[in-house]
Amino acid sequence: MLSDVRIDYPGDLNGLCSDVALVAEKAERTKQGGFLCEDVEFVAEVISRGTGQNDYGPKKAAYATAGVAVCLIVDPYQGKCHAYTQPKDGGYHVEANVDFEEEVDLTHTFLGLTFDTSDFARD
């Protein structure tokens, strides 16, 4: 699990630092010490003031284009978690929206887990 590590994704100006990224277990570092976007399996972004348009827009599109299996956006302004799965053709084909106070169910993904959002702070 990585945090705030730059990974190059497809497209222009897509050297992105996800809040959290999970790379494949067998992923190897590049000569520059980073990872390939093809090795990223999961990303999580937490919306902060001024980042929403980027996180919901170009970053999510870059993750989908790269084939990142699960993209989770935690939005304290909406009080929701958005889980995106099944990347194809530059977009995600499945979206689940969960209010804070509920569990995010990712058991249908390779992660095979749920997590509780009852302690997530709203802004």
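Worth saying up front: this structure is predicted, and the values here are computed from it rather than measured.
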Problem set entry | Residues which pass ring-ring contact (aromatic ring centres under 6.0 Å, His included) with Tyr56, listed by chain and number, not counting sequence neighbours | His82
Seminar exercise, completed: For Thr117 and Cys81, the nearest pair of non-hydrogen atoms, with its separation, is CG2-SG, 3.9 Å
Exercise. What distance do Leu113 atom CG and Glu103 atom CD have between them, rounded to the nearest 0.5 Å?
Worked result: 10.0 Å
Exercise. Do Lys59 side-chain atoms and Cys17 backbone N/O form a donor-acceptor pair below 3.5 Å?
Worked result: yes
Problem set entry | Side-chain (Thr51) to main-chain (Ile47) donor-acceptor, under 3.5 angstrom | no
Exercise. Out of curiosity, Glu38 CD to Leu36 CG, how far, rounded to the nearest 0.5 Å?
Worked result: 5.5 Å
For this session: Return yes if some donor-acceptor pair links the side-chain N/O of Ser18 with the main-chain N/O of Ala44 below 3.5 Å, else return no.
Result: no
Exercise. Do any N or O atoms from the side chain of Asp19 and from the backbone of Val46 form a donor-acceptor pair under 3.5 angstrom?
Worked result: yes
Exercise. Just one of Tyr9, Tyr92, Tyr84 clears the ring pair (Phe, Tyr, Trp, His ring centres under 6.0 Å) bar with Tyr63, so which one?
Worked result: Tyr9
Seminar exercise, completed: Nearest heavy-atom contact between Pro87 and Ala69 is CD-O, 3.9 Å
Problem set entry | For the student: nearest non-hydrogen atoms of Ala62 and Pro10, plus distance | O-CD, 4.1 Å
Problem set entry | Closest approach of Val40 to Ala21 (non-hydrogen atoms, all atoms of both residues) | CG1-CB, 4.5 Å
Seminar exercise, completed: Residue pairs meeting ring-ring contact (aromatic ring centres under 6.0 Å, His included), one or both in residues 98-123, sequence neighbours left out, come to Phe100-Phe120
Exercise. Roughly how far, to the nearest 0.5 Å, is the CG atom of Leu16 from the NZ atom of Lys60?
Worked result: 14.5 Å
Exercise. Rounded to the nearest 0.5 Å, how far apart are OG1 of Thr109 and CG of Leu72?
Worked result: 10.5 Å
Exercise. Could you state the interatomic distance from CG (Asn97) to CD (Gln78), rounded to the nearest 0.5 Å?
Worked result: 8.0 Å
Seminar exercise, completed: Heavy-atom closest pair (Ala66 atom, Cys37 atom, distance to 0.1 Å) is CB-SG, 3.9 Å
For this session: Would you sort out whether Arg49 and Asp123 count as a side-chain contact (heavy atoms from CB on, under 4.5 Å), showing the intermediate values?
Result: CA-CA 10 Å; Arg49 294 202 190 281; Asp123 198 1; 3.7 Å; yes
Exercise. Would Leu111 and Leu22 satisfy side-chain contact (heavy atoms from CB on, under 4.5 Å), going step by step from the backbone distance to the final call?
Worked result: CA-CA 10 Å; Leu111 294 167; Leu22 175 68; 3.9 Å; yes
Exercise. With Asp105, which residues qualify under salt bridge (Lys or Arg N to Asp or Glu O under 4.0 Å), at least two apart?
Worked result: none
